[in-house]
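Below is one structure; the comments refer to it alone.
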Protein chains: 2
Amino acid sequence: MKPTDAELEILQVLWENGPSSVRVVNDTLNESREVGYTTTLKLLQIMHDKGLVSRNTESRSHIYTAQVSQENVQKDLLNKFLDLAFQGSASKLVMQLLGNERTSPSELDEIKAIIQEIENKQS
Amino acid sequence: MKPTDAELEILQVLWENGPSSVRVVNDTLNESREVGYTTTLKLLQIMHDKGLVSRNTESRSHIYTAQVSQENVQKDLLNKFLDLAFQGSASKLVMQLLGNERTSPSELDEIKAIIQEIENKQS
DNA sequence: TTGTATCTACGAAGCATTTCGTATTAATAC
DNA sequence: GTATTAATACGAAATGCTTCGTAGATACAA
């Protein structure tokens, strides 16, 4: 339940595309960076061993499916990152995040909406 | 400017304690987990080679000082993490963060204040 | 049926990170 | 001065992750 960086990249593809062959995953990865076919294959096999993906071997080209949800993985990674880099302080993290110029006004609006929602739930 | 996990742990100590000897850093690390003295020493030497820390060798026990600011490192790590795990979407990250039960009401208040501040600046 | 393309399996190399053991040097105490 | 303690230097083992090469099997086309 804690994928490595390369594994996470592959999971992103599977979450986005749904169940996919090695060929499709590898082609998708190659849109952003060069990766060898057998590298992707090997990683998917490792991920299968770890239980991160399942696979259907009926046809010659196996079809892989993510066995962990994007939400759970993100939650896991975020908690680890929060502890490691921000000593568990969510507000410090948000401060860095929003202090960056990278956050657009529309994202800021979305974030405000999220906070609204949480407060509504709590009251 | 992108420390490994073990290096980050050490930087946290230096940011917190200020310039410190290997002994102090190692003792501090050992409060949370077991680390050998020479392990900490070696890491500090590597970090020195990388320019992450400087050191004063006047006395026999060298004194190490962080050469990167907590803010810059956090910003760097956060941006990488944001891209890798949340495809660059700050709002998705915040949604995960605040959806977790781990965020206390007081932290929520702080975050609201941060957003207020940013909006004030922008207008 | 022979060649070509495409797939899986798998071992192992290549790297980066972490950890530790050993040698050496310097300070301190007796 | 000698023994003990505590520091640095540094090589190298251990580990984990990523990448690739090669072998073998299967489909398909000429």
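Letters A, B, ... mirror the listed sequences (proteins, then strands); counts begin at 1.
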Pairs touching residues 29-46 of chain A that satisfy salt bridge (charged side-chain N to carboxylate O under 4.0 Å, His left out), sequence neighbours left out: A:Glu9-A:Arg33
side-chain hydrogen bond (donor to acceptor under 3.5 Å, both in side chains) involving B:Ser54 - partner list, sequence neighbours excluded: B:Gln67
Has B:Glu16 got more than 12 heavy atoms of other residues, nucleotides or ligands less than 6.0 Å from its CD? no
Less than 4.5 Å apart, any side-chain heavy atom of B:Leu84 and any of B:Lys80? no
Once base and sugar-phosphate atoms are separated, protein heavy atoms under 4.0 Å mark nucleotides 22-30 of chain C, 5' to 3', with B, S and - as B---BS---
Pairing residues for B:Asn17 by the side-chain contact (heavy atoms from CB on, under 4.5 Å) criterion, not counting sequence neighbours: B:Val13, B:Ser20, B:Val24, B:Thr28
Measure from CG on B:Asp49 to P on D:dT8 and round the result to the nearest Å. 15 Å
Let's see if you can work this out: which of C:dC10, C:dA9, C:dT18 has an atom nearest to the side-chain heavy atoms of A:His62? C:dA9
Value in whole Å for how far the P atom of D:dT18 lies from CD of A:Glu7: 6 Å
Provide, to the nearest angstrom, the distance between the CD atom belonging to B:Glu34 and the C1' atom belonging to C:dT18. 15 Å
Phosphate contact (C:dT18 OP1 or OP2) by B:Thr4 side-chain N/O below 4.0 Å: yes
By side-chain contact (heavy atoms from CB on, under 4.5 Å) - contacts of A:Thr57 (at least two apart): A:Arg55, A:His62
For B:Lys75, check side-chain contact (heavy atoms from CB on, under 4.5 Å) against everything at least two apart and list the hits. A:Gln96, A:Asn100, B:Glu71, B:Asn79
Would you say A:Thr65 and A:Asn56 make side-chain contact, with heavy atoms under 4.5 Å? no
For the side chain of A:Leu43, starting at C-beta, report the closest nucleotide among C:dT18, D:dA12, D:dT19. D:dT19
For C:dT19, take OP1 and OP2 only and decide whether either is under 4.0 Å from a side-chain N or O of B:Tyr37. no
Taking OP1 and OP2 of C:dC20, is either one under 4.0 Å from a side-chain nitrogen or oxygen of B:Thr39? yes
Please report the distance, rounded to the nearest Å, between CG in B:Asp5 and C1' in C:dT19. 15 Å
Checking C:dA9, C:dC20, D:dT8 against the side chain of A:Arg55 (C-beta onward), the nearest is C:dA9
CD of A:Glu58 versus C1' of C:dC7: gap in Å, rounded? 17 Å
Please tell me if B:Gln45 has a side-chain N or O lying less than 4.0 Å from either OP1 or OP2 of D:dT8. no
In this structure, how many angstroms lie between the P atom of D:dA9 and the CG atom of B:Leu44, rounded? 11 Å
Sequence neighbours excluded, the answer for salt bridge (charged side-chain N to carboxylate O under 4.0 Å, His left out) partners of B:Glu7 is B:Lys50
Taken to the nearest whole Å, CG/A:Leu41 to P/C:dA9 is 7 Å
Do any of residues 10-33 of chain A sit with a heavy atom less than 4.0 Å from DNA chain D, and if so which? A:Arg33
Who pairs with A:Ser91 by side-chain contact (heavy atoms from CB on, under 4.5 Å), at least two apart in sequence or on another chain? A:Ser89, B:Glu107, B:Glu110, B:Ile111
Distance check needed: D:dT8 P versus B:Asn56 CG, whole Å only. 12 Å
